[in-house]
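These values consider heavy atoms only, across backbone and side chains, with no hydrogens, waters or symmetry-generated copies. Below, chain A is the first sequence line, B the second, and so on; all start at residue 1.
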Amino acid sequence: MTKLKADLLQGTLDMLILKALSLGPLHGYGVIQRIRQMSDEMLKVEQGSLYPALYRIEQRGWVSSKWGTNETGRKAKFYMLTKAGQKQLTAEEESCDLPALAIAKVRMVT
Amino acid sequence: MEWLNILIARLRGLLRREAILQDIEEEMRLHVEMEAQTNIERGMKPSDAQAMALRSFGNLGRVKDLAFEIRGGGFMDTIWRDLRYGARMLTKNPGFTVIAVVTLALGIGANTAIFSVVNAVLLRPLPYDESDRLVILNEHTQQFGTMSVSWPDFVDWRAQQTVFDRIGVYNFGNYNLTGSGAPEQLQAAHASADLFATLRAKAALGRTFTDDEDRPGAALSVILSHELWRRRFGGNPNILNQTITLDAGLYTVVGVMPPNFLFPNTPDMWVPVGPLSTQPAWQNRGSHPGLTAIGRLKAGASLEQARAAMNTIAARLEQQYPTNRGVRVQMTPMLETYVGDVSRALWVLLGAVGVVLLIACVNVANLLLARATLRQREMAVRAALGASRWRVTRQLLTESSLLALMGGALGLLLAKLCIKLILIVNPDSIPRADEINLDGRVLTFTLAVSLLTGIIFGIAPAVQTSRVDVQAMLKETARSMTGGRRWLRHILVITEIALTLVLLVGAGLLLRSFYRLQQSNLGFGAEHVLSFRVNLPPQKYPGEQQKINFFHQVMENLRSQPGVQEVAIASRAPLGNIGQWQPQFLPDGQPLPESGQAPSMEATVVSPAYFRALAIPLLRGRYFAEQDNRLDVREETLQGLTPAQRLMAGLKVMIVDEEFARRHWPNEDAVGKRVLFGRGPSAPVATVVGVVGRVKLDGPTEDSDRVQGYFPYLQVPANAMTFTVKTAVEPEGLIAAARQQVLTTDSEQPISQIRTFTQMRAAAVAPQRLNLLLLGLFAAVALLLALVGIYGVMSYAVTQRTHEIGLRMALGAQRSDVLKLMIRVGMTLALAGVLLGLGGALALTRLMKTLLFSVSATDPLTFAVVTFLLTGVALLACIVPALRAMKVDPMVALRFD
């Protein structure tokens, strides 16, 4: 993979995460699940690539995180979309064709 | 704004390292557990579920690392860790650290000290608004060089010029303050009103002069300096509009200047030019009463344009007035007039101190290289664990920078001490000395120099150290690896020795020069002479006889004091900086020289005992005597004459110096010849009655070309005279008596500028002394560092060669052979360094030519002595390690691997 493609894919992953969170707060595991749902099982995000991506967008201020408990009562860290993140998502959605990208199977290697 | 978020996140990452690592750990773990749970729900066995979850996650460790890279402190974290590691390494080796830090502190501290002087004197603008626009103006002729300005010329300049915003003028005078406390002589600056406007200076109290006060006939007013106001008038806020008595005249105080306004030359007060401009010395266009003009260039006008414009005006005046033949305008930027003399010396010192720093760097670099061998194992382990060479090098450079910064901090303290020392020892040699401090620019300089130093001495050792031959390491034959390093260390030592030689030569030349200066013949005896100045106010002593009586009385009284051998007075004493008078003259019967300008002489009015008091030898004829007086001058003939003319009316005889006689009457006896002072039948004429030796009027380094002449006091009684008292005992002891005698004769007459000739002579060479002290100090530090450096390298060489030495001894070499071997090794280095240094010194010392006095920049004696000295020191440094080599036990050495 050329670097350009990697950047593109990284950006796409960020958008997917933002999109997943736009429907409500989730923990990391939940984000993976939701992306699979959103793409009709076509996009399976590598577990190893998720967290670096999450941390990156958290650093940029697009999501915020908080420890809480999940549906089974386990401790988990939840991520929520921030206003900035919402703005970023709307801007991206208007400019690029997310559904078209969803056709390709997104598989990133760390 | 995003970068700000990231920066904050990085900082947080830096500070909460552990917490973040734990947070990542926990989140990953819980994720895996959730996946395991899902697997169990799908029907896997619990143990398999966990393993499956872990596997599908990917490389957990790698992800954690990646996560921390994003969330952690980033490069700041790396630097922080490097710093901590470096600090730990340094504290583990306190001996090395202390030596390195002290060495660096010496180098950096010296640089900071000198730079702060350079900063205050040369770099910082003067404390006036837009001071780079201010220029000093003088008049200038081809024949006489720079002269002061004449008042009518200044008035015309001011009227006709177009290149200056404002232009003002000033000269100096003395006034006796009487009436409110002990009488005191004060230094005053006569200032035109636009002087203050040119400098854009405002009074702290009251006002500065108005243009009205520039006119003759204006009421007498005065502006006090802040210091005078505080000291003499108690800082009284109601001082305005009060009158003070100066030279028996009443002056109204109209203002007080702020504490930092000291222009020109830190006067006690300012007096307007108006009342003085009526004096003949001012009215006469050809006479130059010591006025200097200062102008502020208009915005957009360059110095060159201004110079051209003013010279056009000067040329116009030359056409109109015969007195202005050949007169042009000389313009110098104001800063240059303050510091011109010292800038060369300062740059030389800065260069020297830079060399010292280089030497210090070399020493520390060598220390680091020596330590490199000891750290081989550490480096090998790190390499094996996957640290890249760049990473290791970076960490080593961090260590060097840490050393350098510590050296810099200690150096700052040393610099502060050094500055204090310089100011105590020699405040007057450095202009603007009160402005020297460690300000922002100096601190930045220190920081930059420290970091640069750290890189300079750190880079070679860091690169060397990080190079690891893992194979050789594992085979544990550590010592065989040093082959490649040896030449580097040797090159460093050779450089060090060369640099030290250059510095030593410089210091040696200055030393020789200073010695010559001290020994130089001044033409008169400067031992045991006390001098002080008395200024008789003209209003109180209008008549010639009154002045003569006063001085006669005081001289008689002083002569009868115990311990006094001879008392004399002179209008201008040698080494004193006051009373200069350069009248033009023409030997009788000789034509004007081609330039059309009559020559001028340094004139001094003296009492008969003057030559005896100062042991100035008589070459022909006679000294002055009591009969050389003006008793036959009748009062009627003096009617209608100006004060200056009255004064010269009594002149009948003079004494000339040997140069005068040689130049104007080359093959004849000067005694009996006549000299004219002016043109026309009523011009003063003097007959030469004696020829005396030439005297250095300004100090040992003086090179004035003018001839010297003397007038008898009894014929030309001036108001302001310097007493020169030759004493049998230490002159200081007679100061009280002198003051007392003057007060007895006139209770309102103060004395001023009380000094011994020995003090004045020392003051005259103070700048050279300071240069010598500083350069000598730097050379000494360099020598010490070089000594340590050579010792270190030799010591190390011996350790390296222990095996080889053991081998040689086993094969039959004597201990003395070993000694000779080591000494030969060391001295080869030293000699190479010395030769290189000699070359460098020959090339560089010409830069200090202007600092030397009657010593050539390639003086062979100095070069020879320094070479011997340095070679001797190098030998000394080699001997101890060589002796150690001698003591090697071959049995132990051969087993020592």
J.: Say you draw a straight line from CD1 of B:I24 to OH of A:Y55; how long is it, rounded to the nearest 0.5 Å?
T.: 5.0 Å

J.: List the steps and the verdict of side-chain contact (heavy atoms from CB on, under 4.5 Å) for B:I70 and A:E58.
T.: CA-CA 10 Å; B:I70 297 172; A:E58 183 182 10; over 6 Å; no

J.: From B:L66 CG over to A:S49 OG, what is the distance, rounded to the nearest 0.5 angstrom?
T.: 9.5 Å

J.: About how many Å separate CZ of A:R56 and CD of B:E69, when rounded to the nearest 0.5 Å?
T.: 10.5 Å

J.: Quick check against the 3.5 Å criterion: does B:E27 have a side-chain atom that pairs as donor or acceptor with the backbone of A:A76?
T.: no

J.: How many angstroms lie between atom CD1 of A:I32 and atom CD of B:E35, to the nearest 0.5 angstrom?
T.: 7.5 Å

J.: Kindly compute the distance separating CH2 (A:W67) from CD (B:E26), expressed to the nearest 0.5 Å.
T.: 4.5 Å

J.: Below 4.5 Å from any heavy atom of chain A, which atoms of B:L30 appear? Answer side chain, backbone, both or neither.
T.: side chain

J.: So do the side chains of A:T72 and B:M34 get within less than 4.5 Å of each other, counting heavy atoms only?
T.: no

J.: Using a 4.5 Å cut-off on heavy atoms from C-beta on, say whether the side chain of B:Q37 contacts that of A:R74.
T.: yes

J.: Got a second to check how far A:Y51's OH is from B:M28's CE, nearest 0.5 Å?
T.: 5.5 Å

J.: Within a reach of under 6.0 Å around CZ of B:R382, are more than 12 heavy atoms found that belong to other residues, nucleotides or ligands?
T.: yes

J.: For B:L60, is it the side chain, the backbone, both or neither that has a heavy atom under 4.5 Å from a heavy atom of chain A?
T.: neither

J.: So does B:R29 have more than 12 non-hydrogen atoms from other groups sitting under 6.0 Å from CZ?
T.: yes

J.: Side chain, backbone, both or neither: which part of B:E33 has a heavy atom under 4.5 Å from chain A?
T.: both

